[in-house]
Amino acid sequence: MEKIEYAAMDVSYILDSLNEQQRNAVASPAQSLLVLAGAGSGKTRVLVHRIAWLLQAEHVSPFSVLAVTFTNKAAREMRGRIEELMEQSFGGMWVGTFHGLAHRLLRSHWQEAGLPEDFHILDADDQLRLIKRINRTLQIDEERWPAKQCQWYINSQKDEGLRADNIEHFDDDYTRTMLDIYKAYEEACDRGGMIDFGEILLRAHELWLKNPQILQHYQQRFQYVLVDEFQDTNTIQYAWLRVLAGAGNQLMVVGDDDQSIYGWRGARIENIQQFGSDFPDSDIVRLEQNYRSTSNILNAANKLIAHNQGRLGKNLWTDGAEGELISLYEAFNEQDEARFIVDRLQDWLNGGNRRSDAAILYRSNAQSRELEEALLRVGMPYRIYGGHRFYERLEIKNALSYLRLLVNRHDDTAVERIINVPTRGIGGKTIDTIRQVAREHNCSLWQACVEAVNQTLLSSRASNAVLAFLQLIDEMSKACEPLELHEKAAYIVKHSGLVQHHEKEGGEKARARIENLEELITATSSFDDPGMDEEEIDVSASTFLAAFLDQASLDAGDTQAEESEDAVQLMTLHSAKGLEFQLVFLTGLEEGLFPHKMSMDNLAGLEEERRLCYVGITRAKNKLYMSYAESRRMHGDVNLCRPSRFIKEVPNELVEEVRLKTTINRSHMPSRGGVALGHKSAHGAEVPETQISLGQRVAHGKFGEGVVLNYEGQGSNARVQVNFDAVGSKWLVMSYAKLEVLG
DNA sequence: TTTTAGACCATTTTT
DNA sequence: TGGTCTAAAA
């Protein structure tokens with residue numbers, strides 16, 4: 001790291017572009033500082049400028065700065081923006097995620113942390129597989145205690161900083177079972193030198209508590225600690241921060257209690273309320289000026305979130321334009337909703353806007369399908385955020401497992417994964433035997449394979465297959481020895497047989513998989529180890545590969561091969577946090593979907609849903625559409641829906657209802673408590689060449705009266721879906737049904 | 001051993 | 001509806 005002279009530098013550029021509140025935060029002399037940053041108030045900006053201020057105005061060494069975020073993307077962005085602002089890079093500064101930084105500590109102090117030097121990281125999928133295996137050996141009833149639930153239990157305990165030994169139990173079935181599994185799981189992890197995501201944080205915390213001299217070293221080094229998205233910290237993360245900053249270090253946390261949407265995975269909104277009492281001399285700065293949205297949108301968000309209790313309170317304002325009203329559309333069903341959105345989108349694009357400036361947001365991933373189909377139908381390019389991250393994909397994980405075995409032959413997780421992928425005749429029975437051998441000899445699966453072959457414990461056919469596997473790995477290992485990382489990856493992809501394996505299954509999916517494998521090679525060639533200080537230069541080829549594998553576990557690769565085409569953005573509300581768009585569609589505003597039925601029976605859950613809605617609304621800069629459907633097909637069958645309570649929590653004067661063709665009054669709106677379909681006249685799309693339109697009440701000779709929900713085709717060939725009062729929904733062919741149109 | 005057919009059951013997601 | 005998982009057939 002080069003020495004930097006700051007002599008009498010002009011520092012005004014750091015403050016000049018900021019408003020008063022932002023400036024107060026950036027130049028604060030306080031020992032600890034809580035910045036309550038409303039949506040669109042320049043939160044990241046404040047963090048970036050704060051660091052610049054420390055470095056330049058207060059002559060703080062970059063080595064003394066630690067900045068923590070939740071995602072790698074946020075960390076990269078922060079570092080990038082600091083470098084951009086200061087036109088300089090700062091290698092010695094630690095900017096990273098909680099997990100990334102904690103992992104770095106564990107790599108440096110593996111001995112003190114009680115880990116083997118070559119420990120490796122278990123991702124969620126690996127973890128689940130391991131738990132399943134454990135449950136099988138413990139003979140746990142999978143029906144009664146699903147592995148998913150056990151995984152959830154273990155992770156939430158770790159989020160709370162609790163190990164199996166620390167957990168009080170009342171000897172009930174549930175806790176006893178969970179603790180047994182937790183213990184067995186911990187043992188398995190220890191034996192295999194594996195740590196899961198929660199363990200990374202837990203170990204890093206314990207590392208400090210158990211090794212005061214190490215803690216002291218970091219406390220002395222990191223005099224300035226900054227935290228982004230503080231409302232998302234869980235118990236262990238906050239504890240870790242308190243330990244680090246406990247020695248009088250300067251701590252600045254930035255967050256927004258109204259945007260806390262990760263309670264369900266351990267985030268504690270209480271941390272932000274607790275901060276003041278944990279750091280009694282702390283200052284609070286509120287960033288309340290919003291630079292993003294029109295005042296109509298902002299007011300809608302403010303009014304909505306005001307329904308939550310126990311907020312720290314903020315009053316977001318803007319001096320920007322009032323903007324258009326929020327448009328509300330009542331669709332008949334999810335198809336109608338999708339059609340409507342696509343129509344609006346096309347209008348908007350005809351006005352010369354860019355597709356990537358528009359986003360369609362939904363509560364749950366299942367909703368994307370209908371929207372995709374509608375977009376596909378008109379040929380509008382779109383991109384879906386979320387879904388399977390690059391490094392989590394099946395084919396990638398398989399390829400990585402081969403690479404893992406090059407580094408460490410005793411990586412059981414990897415062996416389990418690929419021992420029969422591609423299929424080479426090693427089936428469940430053979431693998432069981434091998435596991436058995438491993439348990440008896442207390443050795444790794446790899447060794448057990450060797451043993452099983454040598455001792456002829458297997459049928460000759462199985463034995464040959466296992467031997468072939470062992471030789472394949474050994475040969476590849478030898479061949480890869482002298483190669484560069486990306487050459488290793490290319491070699492593995494080529495010689496593992498994975499490509500042929502996927503080619504065989506054929507289809508569109510298979511092609512995508514093969515492309516991904518090629519993409520992996522690209523990813524390795526552009527990899528340069530970000531986690532290394534210059535002190536640690538002796539990076540041998542194999543540790544370089546190990547570093548890549550770590551990075552692959554820790555960074556799921558949210559840059560999933562960015563395509564350059566301008567496309568409409570589709571994502572869940574959760575993944576929309578932190579983003580902004582000119583035009584936003586907030587879809588599926590129905591009771592049971594949003595707020596989701598799993599979260600609406602308790603106040604905490606409901607309030608989190610409301611915050612989610614708040615996040616959604618505040619993504620919009622210029623124009624917001626909200627929509628809901630009167631009926632929605634979910635998991636195959638049709639449900640009738642009531643409009644979300646969140647709709648009526650937005651003041652009427654900010655909303656304009658969009659009606660296609662017919663205007664009707666809103667007597668059936670939520671205030672009445674959801675008189676769903678019933679006494680309403682026709683509205684919306686007509687079934688072509690018929691007297692029927694969606695939403696219309698009709699009578700059938702046999703089934704009685706009902707409401708038209710949907711249609712296919714046209715004229716006498718058309719089929720219509722009718723929800724009958726007596727017998728539920730049915731599809732009928734127009735020419736046979738003889739439907740009578742009711743007024 | 002591998003493939004396939006039926007059973008089951010479904011928020012939200014980062015690391 | 002579609003993805004995952006177990007149990008029976010090729």
Stepwise ring pair (Phe, Tyr, Trp, His ring centres under 6.0 Å) test for W240(A) and Y238(A): CA-CA 5 Å; W240(A) 186 80; Y238(A) 187 37; over 10 Å; no
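- Side chain of T572(A), nearest nucleotide from dT12(B), dT1(B), dT15(B): dT12(B).
- Where pairing requires Watson-Crick or G-U contacts shorter than 3.5 Å, the helical stems of DNA chain B with at least three consecutive pairs are B:1-10 with C:1-10.
- Qualifying side chain to side chain contact (heavy atoms under 4.5 Å, CB included) partners for Q471(A), counting only residues two or more places apart in sequence or in other chains: L467(A), E475(A).
- Base orientation of dT11(B): syn, the glycosidic angle falling within 90° of 0.
- Looking at heavy-atom distances under 4.0 Å, E143(A) makes no contact with the nucleic acid at all.
- Here N72(A) reaches the OP1 or OP2 of dT15(B): one of its side-chain N or O atoms lies under 4.0 Å away.
- Each of G636(A) and F197(A) was matched to the nucleotide of DNA chain B holding its nearest heavy atom; the match closer to the 5' end belongs to G636(A).
- Listed by chain and number, the residues in a side-chain hydrogen bond (donor to acceptor under 3.5 Å, both in side chains) with E337(A) are S627(A), R632(A) (sequence neighbours excluded).
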Measure all distances between protein nitrogen or oxygen atoms and nitrogen or oxygen atoms of nucleotides 2-6 of chain C, and list the pairs falling under 3.5 Å.
{"from": "dC5(C)", "atom 1": "OP1", "to": "K132(A)", "atom 2": "NZ", "distance (Å)": "2.7"}

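- Taking atom CG of D555(A) as the reference point, atom C1' of dT13(B) lies 14 Å away to the nearest angstrom.
- Screening residues 148-160 of chain A for salt bridge (charged side-chain N to carboxylate O under 4.0 Å, His left out), with sequence neighbours left out, gives K158(A)-D196(A), K158(A)-E199(A).
- In this model, the phosphate group of dT13(B) is approached by a side-chain N or O of N365(A) to a distance below 4.0 Å at OP1 or OP2.
- When each of dT1(C), dT11(B), dT1(B) is scored by its nearest atom to the side-chain atoms of S599(A), the top-ranked nucleotide is dT11(B).
- For T97(A), counting side-chain heavy atoms from C-beta on, the closest listed nucleotide (dT11(B), dT13(B), dT15(B)) is dT15(B).
- Rounded to whole Å, atom P of dT11(B) lies 15 Å from atom CH2 of W152(A).
- Residues satisfying the ring-ring contact (aromatic ring centres under 6.0 Å, His included) test with W145(A), not counting sequence neighbours, are none.
- Looking at heavy-atom distances under 4.0 Å, S553(A) makes no contact with the nucleic acid at all.
- Here dT15(B) presents its P atom at 17 Å from CZ of R104(A), a figure rounded to the nearest Å.
- Of all the residues in residues 420-435 of chain A, N420(A), T423(A), G425(A), G427(A), G428(A), K429(A), T430(A) reach under 4.0 Å from DNA chain B with at least one non-hydrogen atom.
- Remark: N602(A) pairs with A604(A) by the side chain to side chain contact (heavy atoms under 4.5 Å, CB included) rule, at least two apart or across chains.
- Along DNA chain B, the nucleotide nearest to H596(A) and the one nearest to R461(A) differ in position, and the one closer to the 5' end is contacted by R461(A).
- For Y153(A), the ring-ring contact (aromatic ring centres under 6.0 Å, His included) criterion is met by Y174(A), not counting sequence neighbours.
- Counting only residues at least two apart or in different chains, ring pair (Phe, Tyr, Trp, His ring centres under 6.0 Å) contacts with residues 588-611 of chain A comprise F594(A)-F646(A).
- Rounded to whole Å, the separation between the P atoms of dT13(B) and dT4(C) comes to 16 Å.
- Judged by ring centres under 5.5 Å apart and planes tilted less than 30 degrees, H574(A) fails to stack against the six-membered base ring of dT12(B).
- Rounded to whole Å, the distance from CG on L106(A) to C1' on dT15(B) is 13 Å.
- Listed nucleotides dT1(B), dT1(C), dT11(B) differ in distance to A462(A); the shortest reach to its side chain belongs to dT1(B).
- Between W264(A) and H574(A), the ring planes are perpendicular. Angles over 60° get that label, and only those under 30° would be called parallel.
- Evaluation of W264(A) against the base of dT12(B) yields a stacking contact (centre distance < 5.5 Å, interplanar angle < 30°).
- Remark: P of dT15(B) and CG of L101(A) are 13 Å apart, rounded to the nearest angstrom.
- Partners of N308(A) by side chain to side chain contact (heavy atoms under 4.5 Å, CB included), not counting sequence neighbours, listed by chain and number: I305(A), R311(A), E607(A), R610(A), R611(A).
- Applying the 6.0 Å contact sphere to CZ of R163(A) captures more than 12 heavy atoms from other residues, nucleotides or ligands.
- Between N602(A) atom CG and dT11(B) atom C1' the separation is 14 Å, expressed in whole Å.
- Under the rule for a side chain to side chain contact (heavy atoms under 4.5 Å, CB included), the partners of A147(A) that lie at least two apart in sequence or sit in another chain are L128(A), I131(A), K132(A), N135(A), E142(A).
- Residue Q367(A) is classed as having no contact, given no heavy-atom separation below 4.0 Å to the nucleic acid.
- Distance CD (Q237(A)) to P (dT15(B)): 12 Å, rounded to an integer number of Å.
- In this structure, CG of L573(A) is placed 11 Å from C1' of dT11(B), rounded to the nearest angstrom.
- The aromatic rings of Y391(A) and F548(A) stand perpendicular to each other, their planes meeting at an angle above 60°, with 30° marking the opposite boundary.
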